[in-house]
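Quick notes on the structure that follows.
Order of appearance sets the numbers: ligands from 1, and atoms from 1 within every ligand.
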Amino acid sequence: MFCHNSKNKIFDCKKPQVFRMTITSISIYRLSIPMVPFTIATGTMNFAQNLFIRIHTNLGLTGVGECSAFPMIAGETQDTCFVLAKDFAGLWKGKDASEIEDRLQELDWFIAGNHTVKSAFDMALLDLAAKAKEVPLYEYLGGHYFEPESDITIGIDTAEKMAHRAKELVNHRQVKYLKIKLGKKPEDDIKRLFSIKEAVGSGIKLRIDANQGWDYEGAVMALTAMEDLDIEFCEQPLHKRFDEKMPALRRISKVPLMADESVFDHYDAEKLIRLKACDYINIKLSKAGGIMEALKIHDVCAHAEIPNMLGGMLESRLALSAKVHLALACPNIHFYDLDTCLLGHKEDPVINGVVFENMKLKTPKIPGIGADIDDAWLEKCEKVHV
Ligand code: MG
């Protein structure tokens, strides 16, 4: 079965490697990264609730994976991820890591949903597969090297503080794309956006994200008031339970609409596309359940000519690296929201991996994801070996 039909070469994910790669054990770590509190419409995160795994094999190769639980969006916590990871590890022990689709199917049969924790396991299998072929993950996925440029996100605060932060980012980090979190009272959100626009001027591209925070009338009010501010798009103006109202909002709004929380997997993407509900769709590994499903969403959207953004939660540079590899293999991804670890992480436990040059991301050309977590850092984490 060919899984991904980009313009580049196609990789065959069903075909096992020429040799069996038996999973001998899996190590699971709570990767709690201290953070400056980060606020969106639905709540505040005080630390990054991440989970890190290492899959060990009989060939001596180790695959790494990370996920970032964001309870208010995906419905999982670091605790639920940790508990399920132990079950998943038990299911996989002794099995072939190169049979990627079979392994992922086992997780879906074991428990529905829980896409965030599943994404860490998917990532580790793909890291192993690329390492076994001795190529960077983007090459394994059929991509080619370039340096995507990310936006950076400003969390919700007073209009004055958000405008100050916007100016600071533009001046000190040469940011070209600002993503502004909104989704509170529309009147206040309008003030926030006008203050930011005044602070940064016309050369900066603004993206806004309501994180499901507006009702239909509020969204009409906010989007109409902001229509001359040259906004690239508005993410998820309405709660996902109101998807059927999106086509009407899209007809009224001059600001293009992007679905985020409404689309977890490619079935959701197909539904939104059928409804003509959005102009763009945001892919996240923590919603999709990993790279394999992300590729399916990408292909569905490419076929419908709905461009994608690649986003994330609060991942470290390890999962960020995996996402950049994915971006390099997905020509329908036009927007990059890859600032996860810049959103107030106070520590960086990652060895190697992608690095930022201002907001451009440079990917290491080494086999697999090309990143790992520092063993000394892992010493202080709660861990279990299965
Ligand atoms: Mg969003």
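Seen from the ring of Y145, K362 does not count as a face-on cation partner, given the 6.0 Å and 45° thresholds.
Distances from the Mg ion (ligand 1) to each N, O or S atom of E235 single out OE1 as the nearest. Among heteroatoms of the N, O or S kind in D260, OD2 lies nearest the Mg ion (ligand 1). For D209, the N/O/S atom at the shortest distance from the Mg ion (ligand 1) is named OD2.
Not a single N/O/S atom of D337, whether from backbone or side chain, sits less than 2.8 Å from the Mg ion (ligand 1).
In E244, the CD atom is crowded: over 12 heavy atoms of neighbouring residues, nucleotides or ligands sit closer than 6.0 Å.
Of the possible donor and acceptor atoms, one in the side chain of K287 sits under 3.5 Å from a partner among the backbone N and O of V263. In terms of modelled atom types and a separation under 3.5 Å, the side chain of S119 and the main chain of T116 share a donor-acceptor contact.
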